[in-house]
Amino acid sequence: MSKLIELSDLPQAAQGPVLFWQRAIENPLQVCSLFPSSPFVGRAMTEVLGKRIESHVIELGAGTGAVTRQLIRNGVEPGKLTLVEIDARLGGHLRRRFPDTDVLIGSAEDLAKVWQERNGENVGAIISTLPMRLFSKKLIYLVMKNSLQVLDEGGMFVQFTYRQTSPVPPRVVNALRLKAWRYTRVWLNLPPAAIWVYERMPQPREI
Ligand SMILES: C[S@@+](CC[C@H](N)C(=O)[O-])C[C@H]1O[C@@H](n2cnc3c(N)ncnc32)[C@H](O)[C@@H]1O
């Protein structure tokens with residue numbers, strides 16, 4: 001496969017964005033963006049977690065680590081952070097860039113199986129920049145269902161999107177009995193983004 005630029009020719013700091021562009025050009029439907037997220041996206045996605053940043057956190061679709069960097073900067077411990085990335089080259093980059101995190105190379109829809117096999121600890125939050133808008137409803141359902149299986153009772157699934165409306169369709173939200181709400185818009189991103197939160201509906205109380 002021809003390469004636009006040899007990564008080894010570039011200084012370490014430049015490798016992230018260049019690798020992102022390479023993978024976006026070679027695989028546009030999977031990466032689905034020409035620019036890594038701005039630091040403001042990662043910051044907003046961490047802010048909404050509150051105390052959950054002290055628990056184990058999983059990031060889906062970590063790419064070159066733009067959001068990962070902010071998660072760590074804003075208090076998530078690298079040793080309690082698992083990064084899931086389907087693209088093996090991006091996964092390799094993540095392992096080099098964040099050696100103290102746990103990097104899983106594979107698809108987000110297999111998360112529950114992998115987590116069960118390795119007896120993974122309880123997870124307080126899942127942060128996702130997966131290109132949900134390009135996923136089929138079935139795939140979104142599987143990603144969300146798997147995520148709920150590994151999330152604590154009070155856990156939170158946080159998703160970014162470029163549009164106004166929920167990236168998880170109402171049918172999936174209802175089928176999984178979720179509460180969906182938009183946390184904020186992030187104007188300082190190309191293009192501007194929005195952060196959505198999905199939580200389990202509280203169980204009805206006995207009367
Ligand atoms: C829009 S990019 C976000 C990258 C980075 N987190 C950021 O914010 O700049 C989406 C990422 O999700 C990854 N991805 C797409 N489908 C995936 C799947 N089913 N499982 C895991 N990762 C996936 C892509 O390879 C890409 O790195």
Side-chain angles (χ1 to χ4, degrees), residues 7 13-49 57-74 76 78 81-98 101-115 123 125-147 149-150 157-163 167-168 172 183-186 188-196:
L7 278 180
Q15 289 185 14
V18 172
L19 178 60
F20 194 88
W21 288 322
Q22 278 189 352
R23 302 315 293 145
I25 289 163
E26 286 175 4
N27 209 343
L29 288 181
Q30 197 168 280
V31 176
C32 184
S33 168
L34 268 183
F35 304 99
S37 298
S38 79
F40 302 98
V41 168
R43 207 176 294 164
M45 291 179 105
T46 321
E47 259 168 26
V48 70
L49 301 184
V57 174
I58 298 181
E59 184 190 347
L60 305 178
T64 49
V67 169
T68 315
R69 182 156 180 259
Q70 293 306 317
L71 288 172
I72 294 171
R73 274 196 156 184
N74 291 289
V76 176
L81 180 57
T82 296
L83 312 177
V84 180
E85 174 51 58
I86 201 168
D87 183 299
R89 284 198 64 202
L90 293 174
H93 171 81
L94 290 166
R95 281 191 177 138
R96 288 188 296 278
R97 187 171 178 198
F98 305 103
T101 65
D102 163 40
V103 180
L104 295 176
I105 299 174
S107 180
E109 87 220 57
D110 299 326
L111 181 63
K113 193 167 141 253
V114 176
W115 210 248
V123 175
I126 297 184
I127 301 289
S128 162
T129 49
L130 291 173
M132 292 279 200
R133 301 275 183 196
L134 293 186
F135 287 2
S136 65
K137 245 186 219 143
K138 172 92 185 162
L139 183 53
I140 297 177
Y141 175 78
L142 288 175
V143 169
M144 296 304 291
K145 190 166 158 249
N146 270 273
S147 297
Q149 279 175 28
V150 307
F157 185 100
V158 183
Q159 172 70 39
F160 116 128
T161 177
Y162 294 131
R163 298 213 202 137
V168 176
V172 175
Y183 170 60
T184 190
R185 294 220 73 187
V186 182
L188 293 172
N189 188 64
L190 252 177
I195 312 295
W196 279 77

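In each ligand, atom 1 is the first atom listed, and ligand 1 is the first ligand listed. These numbers come from a predicted model, not from an experiment.
- Between Glu85 and ligand 1, a contact under 3.5 Å exists for at least one N or O pair.
- Using a 4.0 Å cut-off between heavy atoms, Tyr162 makes no contact with ligand 1 at all.
- At a heavy-atom distance under 4.0 Å, atoms from both the backbone and the side chain of Ser107 approach ligand 1.
- The Leu130 neighbourhood of ligand 1 comprises atoms 14 (N), 17 (C), 18 (C), 20 (N), 21 (C), 22 (N), 23 (C), with distances under 4.0 Å to a heavy atom of that residue.
- Only the side chain of Val67 comes within contact range of ligand 1, with a heavy atom under 4.0 Å; no backbone atom does.
- Not a single heavy atom of Gly42 sits closer than 4.0 Å to an atom of ligand 1.
- When only modelled atom types and interatomic distance are considered, Thr68 and Glu59 share a side-chain donor-acceptor pair under 3.5 Å.
- Taking a cut-off of under 4.0 Å to the non-hydrogen atoms of Ala108, the atoms of ligand 1 that pass are 18 (C), 19 (N), 20 (N), 21 (C).
- Here is the list of ligand 1 atoms found below 4.0 Å of a heavy atom in Pro36: 9 (O).
- Remark: distances from the non-hydrogen atoms of Phe35 to ligand 1 are all 4.0 Å or more.
- Among the atoms of Ser37, some N or O lies under 3.5 angstrom from an N or O of ligand 1.
- Every atom of ligand 1 is numbered from 1 in the order shown, and the set under 4.0 Å from a heavy atom of Gly106 is 20 (N), 21 (C).
- At least one N/O-N/O distance between Thr129 and ligand 1 falls below 3.5 Å.
- Note: an N/O pair closer than 3.5 Å links Gly61 and ligand 1 by distance alone.
- Only the side chain of Leu90 comes within contact range of ligand 1, with a heavy atom under 4.0 Å; no backbone atom does.
- Counting heavy atoms of neighbouring residues, nucleotides and ligands inside a 6.0 Å radius, atom CZ of Arg69 does not exceed 12 of them.
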